[in-house]
Amino acid sequence: MKAPNMTVRAHSSSILKDLSLKTHPLFTAPSHSSLLPSTKLLKQTHAKLLRNGEIHDSLTAGKLIADVATSHYSNLPYAFRLLSHPHFPLNTFAWNSLIRGFADGPIPENSVYVYRRMLAGGFAPNNYTYTFLLKASAFLAEPRLGLSLHANIISRGLDGLDPYIQTSLISFYAALVSVDTAQQLFDESSMRDVTAWNALIKGYLASGQYMKVIRLFQVMQDRCNVCADEVTMLSVASACAHLGTLDVGKWIHTYIGKNKLRMTLNLGTALINMYAKCGDIESAIALFWKMEEKDMRTWSVMISAFSLHGLAKEAFDLFMNMQRVGIDPDSVTITALLSACSHRGLVKEGRIILCRMSTVYNIEPTIEHYGCIVDLLGRAGHLDEALDLIRKMSLKPDVVLWGSLLVACRVHRNIEMGKVVADEILELDPCNAGALVFLSNLHAAYGNWDRVQEVRDKMKEQRINKPPGSSLIELNGVIHEFLSGDKSHSQVDSIYMMLDEIGRLARRKGHKTAMDGFPFDIDDEDKEVCVSQHSEKLAVAFGLINTRPGSVIRVIKNLRICSDCHEIMKHVSEAFERTVVVRDCNRFHQFSKGSCSCVDYW
DNA sequence: TTAGGGTTAG
């Protein structure tokens with residue numbers, strides 16, 4: 001296959017030319033007394049080879065470079081000096097070893113510099129050389145570099161011969177260009193082993209095409225007779241977690257056991273995450289305690305699982321437990337903990353965690369941490385404190401951070417602050433749908449219909465839309481998706497009849513449609529119709545029709561559940577004697593006997 | 001004597 005996008009390739013040559021060896025604080029050669037044991041040994045070997053003259057033997061010298069370059073990245077300048085010595089017997093293996101060392105180190109662009117020196121010295125790169133360089137280009141998030149390397153691979157006739165290069169290219173295209181191009185390369189490749197499949201599947205996972213991940217996993221085994229391995233299962237488990245498909249998730253857990261795949265630390269962690277994200281917290285807990293080995297990620301995943309399910313106390317207990325067994329939290333652990341505070345309104349605890357971050361845990365707060373705190377303070381009604389925190393923090397606030405505060409302003413009906421926040425958002429992102437809708441509703445509330453029209457026109461002109469609400473529900477391993485007001489499902493008539501029935505039962509219990517956040521210039525009746533056909537209601541109606549009485553109905557929603565749907569779900573759980581679990585973009589809501597696990601705080 | 005695919009929060 002030819003490298004796509006020739007225009008990019010034409011000017012990408014500058015990437016290979018305008019480079020020099022970059023330094024890094026970690027590259028500073030350690031003083032003699034602080035030499036790592038292995039470094040000391042390497043220097044002794046070097047000295048010995050110099051003394052006995054074996055350094056002039058190309059194979060021996062190459063081995064020394066390889067050992068030095070792959071020992072620790074602080075030794076990379078040492079390896080580079082060795083290789084630059086005028087009498088050093090250079091060979092491709094030595095060059096590759098140095099490229100490999102730099103590609104895995106803190107400054108991957110140095111590997112490209114070494115590659116350029118290798119070419120200038122008249123050495124021909126081989127198939128090994130490009131696997132290291134393509135990895136470096138992925139680390140550097142530099143598509144032009146990868147495309148340029150692909151061009152070199154083709155011109156040297158190395159494409160299509162080596163499965164390692166093929167997979168490296170698939171992986172590079174999936175990560176930095178497009179998964180479609182990766183798929184094209186994969187289709188044209190004659191060597192589709194499990195690693196190539198894994199690279200492709202990972203590409204679909206990274207691009208958010210989760211159903212495709214599961215489909216590919218099936219095709220790979222059923223039609224192509226390739227056995228999945230632990231790495232495949234990691235991607236499939238992650239796709240299940242995103243989709244919330246518990247049945248498929250359970251099936252892959254069984255598949256791992258049946259096919260005797262190794263339950264690695266990473267795979268166990270991915271499965272815990274899958275169970276938690278699919279709403280089965282009990283299985284997540286059971287697997288967590290069953291795992292003999294747990295690393296910081298395993299603990300963090302479990303803490304965030306508790307957080308997602310509104311179990312803040314359990315999240316804090318586990319956090320303490322984690323430290324007791326000597327595992328330090330990282331930035332993700334703290335995010336999970338702060339998010340647990342947010343879901344339960346634990347303002348005091350959240351403030352303490354923020355204070356301790358840099359002093360006790362040695363973690364500098366990032367914009368995400370501030371996001372959690374702003375969310376926590378905002379939801380709890382401490383709007384002034386949240387705004388003050390944003391103004392005082394050393395980081396530049398982003399749209400997401402302001403967005404959290406805007407949601408809080410809407411919930412607590414602080415119109416004045418909401419206006420200020422919406423302006424801040426539009427300053428950063430003039431097309432931000434959330435801020436524009438807020439302003440439109442604000443003008444409508446004051447009857448400024450001209451201004452409303454102005455905002456609406458702008459949204460129309462720029463084709464700005466809020467993402468449509470979508471809900472997923474799994475039935476017998478098949479995922480059914482519903483959009484708001486969806487009439488495309490084959491069971492449309494019975495779904496809408498069930499929806500009417502739910503509405504009747506709810507009204508009998510005194511339910512009145514809650515239409516918060518809706519444009520004020522739509523007729524009340526229209527608003528009611530819109531709300532009554534929200535995607536999660538359609539999914540639950542479908543679930544009620546198609547599942548046996550008493551079974552749990554699980555729905556995954558892409559947006560935050562609205563107040564009306566939240567109330568309706570409570571009625572459904574009571575009237576139909578069903579547990580309804582809804583995962584919205586923030587957390588889980590478990591409705592049972594007329595109430596929700598979030599105790600109406602979300 | 002070197003190589004490809006890896007889960008987590010927001």
Side-chain angles (χ1 to χ4, degrees), chain A residues 58-67 69-70 91-101 103-104 125-135 138 158 162-172 174-175 182 186 189 191-203 205-206 226 228-242 264-274 276-277 295-305 307-308 329-340 342 366-372 374-375 398 400-401 403-404 585-586:
Chain A
S58 167
L59 286 182
T60 313
K63 179 80 172 62
L64 179 66
I65 289 262
D67 288 347
T70 56
N91 58 28
T92 300
F93 173 68
W95 284 108
N96 283 350
S97 299
L98 195 58
I99 289 170
R100 175 187 169 204
D104 291 333
N126 60 13
N127 42 347
Y128 289 90
T129 320
Y130 290 104
T131 56
F132 307 129
L133 289 165
L134 283 167
K135 201 202 252 181
L158 292 169
D162 186 311
Y164 289 87
I165 288 198
Q166 285 296 317
T167 308
S168 299
L169 283 169
I170 290 167
S171 187
F172 154 74
F186 179 85
S189 166
M191 291 155 290
R192 295 175 214 154
D193 61 7
V194 65
T195 313
W197 277 95
N198 288 345
L200 184 68
I201 288 175
K202 175 71 209 308
L205 182 72
V226 176
D229 67 4
E230 293 83 3
V231 178
T232 325
M233 302 323 282
L234 277 178
S235 288
V236 182
S238 176
C240 289
H242 282 282
T264 58
L265 175 59
N266 289 341
L267 190 50
T269 305
L271 285 175
I272 292 170
N273 178 54
M274 179 277 293
K277 294 268 174 67
D295 68 358
M296 188 250 295
R297 287 178 181 197
T298 321
W299 288 88
S300 294
V301 160
M302 198 59 232
I303 291 171
S304 87
S307 160
L308 206 59
D330 80 337
S331 173
V332 178
T333 325
I334 301 293
T335 308
L337 212 55
L338 288 173
S339 135
S342 187
T366 64
I367 198 92
E368 283 82 18
H369 297 118
Y370 282 110
C372 289
V374 166
D375 190 56
D398 64 2
V400 181
L401 192 63
S404 301
C585 62
N586 252 327

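Note on naming: letters A, B, ... go to the chains in the order of the sequence lines (proteins, then strands), and numbering restarts at 1 for each one. Atom set for the values below is all heavy atoms of this structure, side chains included, hydrogens, waters and symmetry mates excluded. Note that this is a predicted model, so its numbers are computed, not measured.
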Q: Among B/dT8, B/dG5, B/dG6, find the nucleotide with the atom closest to the side chain of A/Leu234.
A: B/dG6

**Q.** Heavy-atom closest pair, residues A/Leu234 and A/Asn266
**A.** CD2-O, 3.5 Å

Q. Quick one: which of B/dG5, B/dA3, B/dA9 gets closest to the side chain of A/Asn198?
A. B/dG5

Q: Kindly point out which of B/dG4, B/dA3, B/dG5 is positioned nearest to the side chain of A/Phe132?
A: B/dA3

Q. Is A/Asn273 touching bases, backbone alone, or none of the nucleic acid, heavy atoms closer than 4.0 Å?
A. sugar-phosphate

Q.
Can you tell me if A/Tyr164 is stacked onto the base of B/dA3, using a 5.5 Å centroid cut-off and an angle below 30°?
A. yes

**Q.** Nearest-Å distance for atom pair CG/P, residues A/Leu338 and B/dG10
**A.** 10 Å

Q) Whole Å only: how far is the CG atom of A/Leu59 from the C1' atom of B/dT2? A) 13 Å

Q) Is there a side-chain polar atom (N or O) of A/Thr333 under 4.0 Å from OP1 or OP2 of B/dA9? A) no

Q | Nucleotide B/dA9, atom C1' - distance to CD1 of A/Ile303 in whole Å | A | 12 Å

Q.
Of the listed nucleotides (B/dA9, B/dT2, B/dG5), which one gets closest to any side-chain atom of A/Asn96?
A. B/dT2

Q.
If I compare all heavy atoms of A/Ser235 with all of A/Leu205, which pair ends up nearest, and what's the gap?
A. O-CD1, 3.7 Å

Q | Euclidean distance, atom CG of residue A/Leu308 to atom C1' of B/dG10 [Å, nearest integer] | A | 12 Å

Q: Using atom CG of A/Asn127 as one end and atom C1' of B/dG4 as the other, report the distance to the nearest whole Å.
A: 12 Å

(Q) Using the rule side chain to side chain contact (heavy atoms under 4.5 Å, CB included), only one of A/Thr195, A/Asp162, A/Leu133, A/Thr131 pairs with A/Ser168; which is it? (A) A/Thr131

Q: Could you work out which one of B/dT2, B/dG4, B/dG10 sits closest to the side chain of A/Ser339?
A: B/dG10

Q) With a non-hydrogen cut-off below 4.0 angstrom, is A/Ser97 in contact with a base, only sugar-phosphate, or nothing? A) nothing

(Q) What's A/Lys202 touching, base or sugar-phosphate or nothing? Going by heavy atoms closer than 4.0 Å. (A) sugar-phosphate

Q: Looking at every strand, decide which applies to A/Thr269 at a 4.0 Å heavy-atom threshold: base, sugar-phosphate, or nothing.
A: base

Q.
Rounding to an integer number of Å, can you tell me how far A/Trp299 CH2 sits from B/dA9 P?
A. 18 Å

Q: Would you kindly give the CE-to-C1' distance between A/Met296 and B/dA9, to the nearest whole Å?
A: 12 Å

Q: Would you state whether a donor and an acceptor, one from the side chain of A/Asp193 and one from the base of B/dG4, lie under 3.5 Å apart?
A: yes

Q: Answer whether the closest heavy-atom distance between the side chains of A/Asn96 and A/Phe132 falls below 4.5 Å.
A: yes

Q. To the nearest Å, how far apart are A/Leu271 CG and B/dT8 C1'?
A. 13 Å

Q: With the side chain of A/Tyr128 defined as its heavy atoms from C-beta on, choose the nearest nucleotide among B/dG5, B/dA3, B/dG6.
A: B/dA3

(Q) So if I take every side-chain heavy atom of A/Lys135 and compare against B/dG5, B/dT2, B/dT8, which nucleotide ends up nearest? (A) B/dG5

**Q.** Residue pair A/Thr92, A/Asn126: steps toward the side chain to side chain donor-acceptor pair (under 3.5 Å) verdict
**A.** CA-CA 8 Å; A/Thr92 300; A/Asn126 60 13; 5.4 Å; no

Q.
For A/Ile65 versus A/Leu98, what's the shortest heavy-atom pair and its separation?
A. CG2-N, 4.5 Å

